[in-house]
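Position 1 is the first residue of the sequence; numbering continues from there.
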Amino acid sequence: MNSTDKLSQKTKQLFVILLPILVTQLAMFAMNFFDTFMSGHVSAKDLAGVAIGTSIWIPIQTGLSGILFSVTPMVAQLVGAGRKEEIPFKVVQALYLAVGVSAAVLLAGAFALNPILENMNLEEPVRRIARLFLISIAFGILPLFLYTVLRCFMDALGHTKVTMFITLLSLPVNGGLNYVLIYGKMGLPALGGAGTGVASAITYWVIFLVALAVAARMQPFAAFGIFRKLYRVSLSVWKELLKMGVPIGFAILFETSVFAAVTLLMSNFNTVTIAAHQAAINFASFLYMIPLSISLSLTILVGFEAGAGRYKDARQYGYLGIGLAVGMSLLCAVVLWLFNEQVAGIYTREPDVLALTQHFLIYAIFFQLSDAIAAPIQGALRGYKDVNVTFIVALVSYWVVGLPVGYGLANYTDLGAYGYWIGLISGLALGAVGLFARLASVQRKARLGLAAFAK
């Protein structure tokens with residue numbers, strides 16, 4: 001097979017893995033979109049309350065889910081190395097870890113929630129909605145983290161279509177529950193924005209229970225017999241999972257939390273500004289699902305090839321993914337520029353919020369271009385089990401550079417709220433450069449066949 005045919009085959013394999021993951025991520029995102037969209041059509045206060053609640057919840061969700069993402073490269077490399085018999089034990093340990101992580105989050109939330117909200121400069125209705133949102137969604141933390149482990153297990157085996165169909169179930173469930181609970185249908189009270197938290201928690205339980213049934217009864221997952229034996233907790237496997245997962249989780253946490261921090265800092269402005277910022281950041285997050293899905297695909301593909309010792313193939317997958325992400329981001333930028341007003345109109349009918357959202361969306365064009373480079377590189381590095389430098393790059397670029405620059409511009413120049421967006425763009429761009437340099441270094445070492453990459 002010549003090089004052109006090999007490239008064509010790799011491109012096809014990338015899309016086979018990618019497309020179901022993209023649909024899955026869009027379905028997961030759609031839950032947050034429904035929350036924002038439906039709350040925005042109740043009132044600006046409901047939208048702002050959900051914005052504050054989401055800005056606290058999303059970093060927790062993504063950061064701690066990121067710890068459990070270590071299951072994907074671990075299982076992918078075991079498959080590539082032909083050590084499938086080790087998979088059930090390690091997946092079960094990851095499920096145990098998910099239970100422990102959930103308990104820690106709930107305990108921390110019980111003590112920290114009220115002090116956090118009370119120290120924010122919020123109108124009382126906004127604070128009340130945010131509090132009810134977070135209390136409600138807390139009931140879905142355990143099933144969400146357990147589902148994350150099962151999803152990573154299935155995806156690592158290359159069966160991304162299965163998790164796609166499971167997650168698609170969340171759309172009608174979450175959308176229907178939002179409609180009933182937000183607006184008070186079928187004899188239930190109208191909960192407004194707080195109803196989105198209840199709807200999300202119920203939806204998390206639904207998709208977890210479906211994933212549990214699939215993993216136990218459907219082939220090829222059932223052949224691993226994950227639930228046939230009750231294993232003891234293994235601290236050594238927990239250590240292995242955490243050694244890889246904590247840097248992954250914290251890298252994701254640093255990125256998502258900087259956006260959340262900006263939303264919280266926006267509370268120093270008025271409710272219209274908070275609402276407009278949330279609408280714009282929500283659509284930007286929608287666009288991010290493309291590079292994020294490519295990132296998750298590269299973790300599987302690069303991990304499989306690295307586990308098998310085929311480092312040239314792993315490198316080719318990495319650059320294919322980056323090129324695809326950049327191309328798609330340019331296309332999205334053109335669409336967002338041409339249909340700026342229409343996109344803003346999805347979220348609100350209030351003229352002041354609509355106008356400000358349009359301005360924020362222009363800034364969103366620029367930082368999603370940086371995401372198109374950074375996200376796929378993170379996925380490729382996870383495939384190599386190289387996660388520590390990614391964590392450091394995320395910390396420096398987002399919190400040492402991005403947020404301070406944004407804070408300075410927002411508070412000491414005439415840019416106001418726009419200054420935070422410029423800071424975000426600066427941090428994302430710096431992160432993309434740092435991650436690209438690390439990927440080049442890792443690939444160079446892999447070509448030399450160092451033992452660290454053969455494990």
Novice: Are the side chains of Leu19 and Val23 in contact, using a 4.5 Å heavy-atom criterion?
Specialist: no
Novice: What distance do Thr163 atom OG1 and Met154 atom CE have between them, rounded to the nearest 0.5 Å?
Specialist: 7.5 Å
Novice: Applying side-chain contact (heavy atoms from CB on, under 4.5 Å), run through Ile281 and Trp421 and close with a yes or a no.
Specialist: CA-CA 10 Å; Ile281 210 73; Trp421 284 71; 3.9 Å; yes
Novice: I need the minimum non-hydrogen distance between Ala417 and Thr273, along with the two atoms involved.
Specialist: CB-CG2, 3.9 Å
Novice: Is there side-chain contact between Val262 and Leu403, with heavy atoms separated by less than 4.5 Å?
Specialist: yes
Novice: Quick one: are Ile202 and Asn174 in side-chain contact, heavy atoms under 4.5 Å?
Specialist: no
Novice: Are Leu439 and Tyr384 packed together at the side-chain level, in the sense that at least one heavy-atom pair is separated by less than 4.5 angstrom?
Specialist: yes
Novice: For atom CZ of Phe360, is the number of surrounding heavy atoms from other residues, nucleotides or ligands below 6.0 Å larger than 12?
Specialist: yes
Novice: Which pair of non-hydrogen atoms, one from Ala199 and one from Leu181, has the smallest distance, and what is that distance?
Specialist: N-CD1, 3.8 Å
Novice: Contact between Leu241 and Met74 at the side-chain level, heavy atoms closer than 4.5 Å - yes or no?
Specialist: yes
Novice: Go through the structure and list residues passing salt bridge (charged side-chain N to carboxylate O under 4.0 Å, His left out) with Arg438, not counting sequence neighbours.
Specialist: Asp386
Novice: Rounded to the nearest 0.5 Å, how far apart are CD of Gln358 and CG of Leu336?
Specialist: 10.5 Å
Novice: Once rounded to the nearest 0.5 Å, what's the spacing between atom CD1 of Ile21 and atom CG of Leu26?
Specialist: 12.0 Å
Novice: Look at the aromatic rings of Tyr412 and Tyr407 and report parallel, tilted or perpendicular, splitting at 30° and 60°.
Specialist: perpendicular
Novice: Which heavy atom of Ala306 sits nearest to which heavy atom of Ala314, and what is that distance?
Specialist: N-CB, 4.4 Å
Novice: Kindly write out the residues that satisfy side-chain contact (heavy atoms from CB on, under 4.5 Å) with Tyr319, not counting sequence neighbours, or none if the list is empty.
Specialist: Arg315, Ile322, Phe436, Gln443
Novice: For Gln342, which residues count as a side chain to side chain donor-acceptor pair (under 3.5 Å) partner, sequence neighbours excluded?
Specialist: none
Novice: Donor-acceptor pair, distance only, cut-off 3.5 Å: does the side chain of Ser441 make one with the backbone of Ala437?
Specialist: no
Novice: Measure from the ring center of Phe221 to the ring center of His159 and say whether it is less than 6.0 Å.
Specialist: yes
Novice: Check whether Ser293 reaches the backbone of Met289 with its side chain - one donor and one acceptor, N or O, closer than 3.5 Å.
Specialist: yes
Novice: Just wondering, do Thr357 and Val353 contact through their side chains at under 4.5 Å, heavy atoms?
Specialist: yes
Novice: Could you report the tightest heavy-atom contact between Ile300 and Ala156, atom names first, then the distance?
Specialist: CG2-O, 4.2 Å
Novice: For Leu117, is there any backbone N or O sitting under 3.5 Å from a side-chain donor or acceptor partner on Arg127?
Specialist: yes
Novice: Are the side chains of Leu298 and Leu14 in contact, using a 4.5 Å heavy-atom criterion?
Specialist: yes
Novice: A quick test of your reading: do over 12 heavy atoms of other residues, nucleotides or ligands sit less than 6.0 Å from NZ of Lys10?
Specialist: yes
Novice: Taking only distance into account, with no hydrogens and no angle test, what donor-acceptor pairs under 3.5 Å do side-chain atoms of residues 132-149 form with protein atoms, sequence neighbours excluded?
Specialist:
residue	atom	partner	partner atom	Å
Ser136	OG	Leu132	O	2.8
Tyr147	OH	Thr167	OG1	2.5
Thr148	OG1	Leu144	O	2.9

Novice: Using a 4.5 Å cut-off on heavy atoms from C-beta on, say whether the side chain of Thr72 contacts that of Leu296.
Specialist: no
Novice: Apply side-chain contact (heavy atoms from CB on, under 4.5 Å) to Tyr204 and Gln61, showing your working.
Specialist: CA-CA 12 Å; Tyr204 293 150; Gln61 175 198 340; 4.2 Å; yes
Novice: Can you confirm whether Tyr179 is buried at OH, in the sense that more than 12 heavy atoms of other residues, nucleotides or ligands lie under 6.0 Å from that atom?
Specialist: no
Novice: Give, for atom OG1 of Thr203 and atom CG of Leu169, the distance between the pair rounded to the nearest 0.5 Å.
Specialist: 10.5 Å
Novice: Using the rule given for side-chain hydrogen bond (donor to acceptor under 3.5 Å, both in side chains), can you reason through Asn411 versus Tyr420, listing the C-alpha separation, both sets of side-chain angles and the distance that settles it, and then say yes or no?
Specialist: CA-CA 9 Å; Asn411 291 278; Tyr420 284 117; 3.3 Å; yes
Novice: Checking Gln13 against Tyr317 for the side-chain contact (heavy atoms from CB on, under 4.5 Å) test, could you report, in this order, the C-alpha distance in whole Å, the side-chain angles of both residues, the deciding distance, and whether it holds?
Specialist: CA-CA 9 Å; Gln13 184 61 38; Tyr317 274 124; 3.5 Å; yes
Novice: When Ser397 is tested against each of Leu428, Leu430, Ile392, Leu435 for side-chain contact (heavy atoms from CB on, under 4.5 Å), which residue passes?
Specialist: Leu430
Novice: Could you walk me through whether Leu324 and Phe15 pass the side-chain contact (heavy atoms from CB on, under 4.5 Å) test, one step at a time?
Specialist: CA-CA 10 Å; Leu324 177 61; Phe15 275 99; 4.0 Å; yes
Novice: Mind listing the side-chain donor-acceptor pairs of residues 365-381 below 3.5 Å, one per line with the distance, residues two or more places apart or on another chain?
Specialist:
residue	atom	partner	partner atom	Å
Gln368	NE2	Ser329	O	2.9

Novice: Distance check, rounded to the nearest 0.5 Å: Tyr363 atom OH versus Ile422 atom CD1?
Specialist: 4.5 Å
Novice: What are the two closest non-hydrogen atoms of Leu361 and Val343, and how far apart are they?
Specialist: CD1-CG1, 3.8 Å
Novice: Start with the C-alpha gap between Asn178 and Thr196, add the side-chain angles, then the distance that decides, and say whether side-chain hydrogen bond (donor to acceptor under 3.5 Å, both in side chains) holds.
Specialist: CA-CA 6 Å; Asn178 266 346; Thr196 63; 5.2 Å; no
Novice: Is a side-chain N or O of Ser170 found less than 3.5 angstrom from the main chain of Ile166, in a donor-acceptor match?
Specialist: no
Novice: Under the rule for salt bridge (charged side-chain N to carboxylate O under 4.0 Å, His left out), what residues qualify as partners of Lys312, not counting sequence neighbours?
Specialist: none
Novice: For residues Ala215 and Leu150, report the shortest heavy-atom separation together with the two atoms involved.
Specialist: CB-CD2, 4.2 Å
Novice: Rounded to the nearest 0.5 Å, what separation is found between the CZ atom of Arg382 and the OG atom of Ser295?
Specialist: 4.5 Å
